[in-house]
Engineer: 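This is the structure, below, for whatever I ask next.
Read the numbers this way: they start at 1 and go in the same order the structure lists the ligands and their atoms. All residue numbers refer to positions in the sequence shown, counting from 1. Quick note: numbers below take in every heavy atom, side chains included, and nothing from hydrogens, waters or symmetry partners.
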Amino acid sequence: MQIQSNLKKIHDDIHAAAQKSGQDASRVTLIAVSKRKPPEMIQAAMDAGHRDFGENYIQEAMEKIDLIGRKSATWHFIGHLQSNKAKFAVSYFDLIHTVDKVKLAREINRQAQKIGKIQEVLLQVNIARETTKSGAKENEIMDIAKQVCRFDNLHVSGLMCMPPFFDDPEDARIYFKKLKQISKNIETLNLPNTTMTHLSMGMSHDFRVAVEEGATLVRVGTAIFGARQ
Ligand SMILES: *Cc1c(COP(=O)(O)O)cnc(C)c1O
C-alpha cells in the first residue's frame, strides 16, 4: 500500500512540475530504482501498475529480473558498467543509461550484434566534473557521440547525468540546464543512430526541478521504496 501511494504522490508531483514549467508530463517516465530492494517490492510496484525499473548491479539485477520476468517490465541499467559485464547488460536491459566511453560502447555493440539486438543507450555526462563519479566530461561528449554513432547495433537516444547532492535541490538546476544544452548541441550534428529524445535526470530529492528543466526519465528510489541500508 505504501509503495502504491508513494508512486501516486510522485506522479502527482511530476504532473505539477511539468505543468508549472510548460513541459508535457506525458513525456516523462518514472523509473522506480529498486537497487538493493527485494523482488517482492518490485512486484508490489507492478501490482500498482508500474512497469519501469532501474537497477545498478548486474548480478543482483539478473536474479531479480529472472524472478519477475524479462519481458514483464522495462528494465533500465543505471549503474556503472564494466565492459566484461556488457554481455549481461545487453541481454537483460531495455535501456543502458551509463555509456561514457567508446570502448564500452564498442563492447555493448559487439554483444548486441551477437544476439541481433539494437541496444538502446544513453550517454552519461559527468556534469559537475566530480572525480568520484563516472560519466564523460563535457568537453569529450561531442567526440564520443560522433564515434558511438558509428556502431550499428546501438541506438543513442539521449543523455544521462547525476549532479551532486544539494540540500536545496534548486542548486541542481544549473546542471539540468547544462545537460539539456549539451543535448541540443549534439542534436545539431544530425548523427546517424542517434536521437536526442531522452534526458535521464532527477532522483528522489531533485526530480521536480529536473522535470521543470525537461527530464523525460526520472530515476527515483528512496521516495518509492524507502531508505536503503
Ligand atoms: C540509486 C540511484 C538513483 C535513485 O536514488 P534515490 O535518491 O534513492 O532516488 C538514481 N540514479 C542513480 C544513477 C542511482 O544510482
Side-chain angles (χ1 to χ4, degrees), residues 2-14 17 28-39 41-42 44-45 48 50-62 64-65 73-82 85 89 92-101 104 120-136 141 157-173 175-176 178-179 198-229:
Q2 188 62 52
I3 288 173
Q4 185 174 0
S5 62
N6 290 346
L7 284 165
K8 164 113 180 45
K9 167 90 172 70
I10 294 162
H11 278 294
D12 290 349
D13 287 358
I14 289 171
V28 184
T29 297
L30 171 60
I31 299 171
V33 175
S34 43
K35 64 169 176 239
R36 291 195 254 140
K37 293 295 179 184
M41 285 187 141
I42 300 177
H50 196 76
R51 283 296 172 274
D52 286 78
F53 296 93
E55 288 282 344
N56 290 59
Y57 310 104
I58 291 287
Q59 185 62 41
E60 175 193 330
M62 291 196 299
K64 288 193 273 185
I65 295 170
T74 300
W75 301 100
H76 299 258
F77 188 76
I78 63 169
H80 177 65
L81 184 59
Q82 288 165 314
K85 302 273 176 66
Y92 278 83
F93 288 90
D94 297 291
L95 178 59
I96 300 171
H97 291 226
T98 49
V99 172
D100 60 354
K101 289 188 178 66
L104 174 61
E120 203 183 334
V121 302
L122 305 179
L123 302 179
Q124 182 182 0
V125 183
N126 187 346
I127 202 75
R129 301 188 207 181
E130 292 172 278
T131 52
T132 53
K133 280 190 188 149
S134 29
I141 194 71
S157 61
L159 303 179
M160 179 271 209
C161 77
M162 189 162 43
F165 179 91
F166 296 103
D167 287 330
D168 182 356
E170 276 300 322
D171 294 340
R173 189 180 293 276
Y175 296 108
F176 297 141
K178 204 173 185 186
L179 195 72
H198 289 302
L199 290 172
S200 170
M201 56 190 197
M203 302 169 41
S204 289
H205 66 293
D206 59 9
F207 72 88
R208 296 167 196 82
V209 178
V211 167
E212 288 173 21
E213 296 302 331
T216 63
L217 299 167
V218 294
R219 312 177 309 263
V220 177
T222 311
I224 297 170
F225 296 116
R228 294 175 292 270
Q229 312 99 343

Engineer: Determine whether the side chains of E130 and N126 contain a donor N or O and an acceptor N or O closer than 3.5 Å.
Structural biologist: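 N126 and E130 do not have a side-chain donor-acceptor pair below 3.5 Å.
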Engineer: Measure H205 to ligand 1 on non-hydrogen atoms and call it side chain, backbone, both or neither using the 4.0 Å cut-off.
Structural biologist: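 It is neither; nothing of H205 touches ligand 1.
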Engineer: At a 4.0 Å threshold, what atoms of ligand 1 neighbour a non-hydrogen atom of R219?
Structural biologist: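 Counting from 1, the qualifying ligand atoms are 4 (C), 9 (O), 10 (C), 11 (N), 12 (C), 13 (C).
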Engineer: Within ligand 1, which atoms have a heavy atom of K35 less than 4.0 Å away?
Structural biologist: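 Near K35, meaning under 4.0 Å from one of its heavy atoms, ligand 1 has 1 (C), 2 (C), 3 (C), 14 (C), 15 (O).
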Engineer: Can you list the atoms of ligand 1 that are under 4.0 Å from a heavy atom of T222?
Structural biologist: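 Answer, ordered by atom number: 6 (P), 7 (O), 8 (O), 9 (O).
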Engineer: Would you compute the distance between atom CG of L179 and atom CG of L159 and round it to the nearest 0.5 angstrom?
Structural biologist: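 Rounded to the nearest 0.5 Å, the CG-CG separation comes out at 5.0 Å.
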Engineer: Among A223, A227, S204, which one has a heavy atom closest to atom 6 (P) of ligand 1?
Structural biologist: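 It is S204 whose heavy atom sits nearest to atom 6 (P) of ligand 1.
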Engineer: Under a 3.5 Å distance rule, please check whether D100 uses its side chain to pair with a backbone N or O of A136 as donor and acceptor.
Structural biologist: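 Answer holds: no.
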Engineer: Identify the heavy atoms of G214 and L199 that sit nearest to each other, and give their distance.
Structural biologist: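 That would be O-CD1, 3.6 Å.
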Engineer: Taking R208 as the fixed residue, which of V218, D13, I10, I14 is the one that meets the side chain to side chain contact (heavy atoms under 4.5 Å, CB included) rule?
Structural biologist: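 Running side chain to side chain contact (heavy atoms under 4.5 Å, CB included) over V218, D13, I10, I14 with R208 returns exactly one hit, D13.
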Engineer: Check ligand 1 against V220 and write out every atom of the ligand that is under 4.0 Å from a heavy-atom position of the residue.
Structural biologist: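 Numbered from 1, ligand 1 contributes 9 (O).
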Engineer: Specify the protein heavy atom at minimum distance from atom 5 (O) of ligand 1: its residue, its atom name, and the distance to 0.1 Å.
Structural biologist: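 Minimum-distance protein heavy atom for atom 5 (O) of ligand 1 reads M203 CE, 3.3 Å.
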Engineer: How are the rings of F165 and H205 set relative to one another: parallel (under 30°), tilted (30 to 60°) or perpendicular (over 60°)?
Structural biologist: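 Because their plane-to-plane angle lies in the 30° to 60° range, the rings of F165 and H205 count as tilted.
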Engineer: I need the atoms of ligand 1 closer than 4.0 Å to a non-hydrogen atom of N56, numbered in the order shown.
Structural biologist: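 So the atoms of ligand 1 that pass are 14 (C), 15 (O).
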Engineer: Looking only at N/O atoms, are G221 and ligand 1 under 3.5 Å apart anywhere?
Structural biologist: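 Yes, G221 has an N/O under 3.5 Å of an N/O on ligand 1.
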Engineer: Among protein heavy atoms, which lies nearest atom 12 (C) of ligand 1, and at what distance?
Structural biologist: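 Answer, as residue, atom name and distance: I78 CD1, 3.6 Å.
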Engineer: Any idea which part of H97 is under 4.0 Å from ligand 1, heavy-atom wise: side chain, backbone, both or neither?
Structural biologist: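 Answer for H97: neither.
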Engineer: What is the distance from atom CZ of R219 to atom CE of M201, rounded to the nearest 0.5 Å?
Structural biologist: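 Between atom CZ of R219 and atom CE of M201 there are 10.0 Å.
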Engineer: With a 4.5 Å limit on heavy-atom distance, are the side chains of H76 and M160 in contact?
Structural biologist: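 Result no, sub-4.5 Å side-chain heavy-atom pair not found.
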